[in-house]
Amino acid sequence: MTTLALNNVRPYGEDATNILIDVTRGVIEAIGDNRFDDADEVIDCGGNVLLPGLVDMHVHLREPGREDTETIATGSDAAAKGGFTAVFTMANTNPVIDQPFLAEAVWEKGQTYGKCDVYPVGSITQGLEGEQLTEIGLMARSGVRMFSDDGKCVNDPQLMRRAIEYAKAHDVVLAQHAEDHRMTAGAVAHEGEQAARLGLRGWPRVAEESIVARDAIMTRDYGGRYHLCHASTEGTVQLLRFAKDQGIEVTAEVTPHHLLLTDEQLKTYDGLYRVNPPLREARDAEALKQALLDGTVDVVATDHAPHGSEDKCVEFEHAKPGMLGLETSLAVVHRVFVETGLADWRFVAKVMSERPAEILRLQDQGRPIAVGEPANLVLVDPQSPWTARGEEMASKASNTPYEGIEFSARATATWLRGTQTYGAQQD
Ligand code: DOR
Ligand code: ZN
């Protein structure tokens, strides 16, 4: 048995303790007051915080098709550096992940690389065209746990009804990108004062909220495990609250950028700030924050969306929507909730690891830090000032909206089943 000791560590930011990991089996072997100094590898964690490995329900790793902007390997590196041990990569690749063999290839590549469990998301409609449903059953049988046309909305209500029914029959999660495309044609920014002043075509809140309302009612009547991608408005929060109060089983995510940034950023006309759904107003960000605190919104998901500079360093209207998120999300969540005293590390573990693992029914992620549990872990230094720089990211792309911003928390080491996937000791 090969062992690793994490001495002087604070699980969930609470009392300091010492942890022994059985690296061979990839599980936590012992936890105790005495340091484990006889382990094969001994790390003094200096009282840093230990959390269960983070789980991201929503990333774009661009493979197959746009390997010039991200691959499963570079995305896994970015994930490990951000503290993640599992990610779900969306189906809007080229080709679209709409058949079992494509989904299986994504999973296999992730496993071969070995830095992060990369779960494929299957598309709801063939080629993401919104016309024909995919073989949800076949893909589910090959291990796909979540289906989404993310990047596009399943607008057609009849098709959505069928998708909900199939997803229910196969007991998989259906994740909706809520955007009524008939209301957002040509839109590049949140419809509000900023867009009006800057002369940018607006994407109104109702384009999201009308789909959320419709889908909540469909979920009420046809059941299934419905998940809302990137909630972005105050009205969406109210609708989710209504749905949950009615006992409708919906779950929802919010991105770090919709929590921290607003459409004030657009003043710069910098294409880095173009994203779908768009950055909204302060009252939306505030409502999303409260919703995450009270459980109306379940999880934080990054919507990590790498794009090359040829698609970002262009006029705002021509920039592709999307922002990097994997390497900054922990720092942003720390800034918004922990630094402000709104929440503690238990909360971070819940919204970035435990709840996403629960929603996707991952048996080995988001588990308690306890003896016998899988050693999927991230060590966090809450006071290690660092400045976000796109060029320094492990991601192949550099389109971070936090360029030059100083954060205080960062992941310093990540372990997947006891094997270190990121951190100073290994590099
Ligand atoms: O900003 C976004 N970028 N939103 C999406 O829904 C898709 C994503 C992408 O694929 O770039
Ligand atoms: Zn997305």
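Counting starts at 1 for both ligands and their atoms, in listed order.
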| Does Arg145 make a cation-pi contact with Phe88, if we ask for NZ or CZ under 6.0 Å from the ring centre and within 45° of the axis? | no

| message | Pairing donors with acceptors under 3.5 angstrom, does anything connect the side chains of Asp298 and His227? | response | no

| query | Atom CZ of Phe84 and atom OG1 of Thr421: how far apart are they, to the nearest 0.5 Å? | reply | 12.0 Å

| query | Rounded to the nearest 0.5 Å, how far does CG of Leu330 lie from OG of Ser353? | reply | 11.0 Å

| task | Would you check, one step at a time, whether the test side-chain contact (heavy atoms from CB on, under 4.5 Å) holds for Leu260 with Tyr402? | result | CA-CA 10 Å; Leu260 187 66; Tyr402 309 110; 3.8 Å; yes

| query | Hey, is the main chain of Asp171 close enough, under 3.5 Å, to the side chain of Arg225 for a donor-acceptor pair? | reply | yes

| message | I'd like to know if His307 contacts ligand 1, where contact means a heavy-atom distance under 4.0 Å to any ligand atom. | response | yes

| query | Would you say Arg62 touches ligand 1, if touching means a heavy atom closer than 4.0 Å? | reply | yes

| field | Atoms of protein origin (N, O or S) under 2.8 Å from the Zn ion (ligand 2) | value | His58 NE2, His60 NE2, Asp150 OD2, Asp303 OD1

| query | N/O of Gly322 under 3.5 Å from N/O of ligand 1, yes or no? | reply | yes

| query | Do any nitrogen or oxygen atoms of Pro321 come within less than 3.5 Å of a nitrogen or oxygen of ligand 1? | reply | yes

| said: Quick check: Trp345 with Tyr12 (ring centres under 6.0 Å apart)? | reply: no

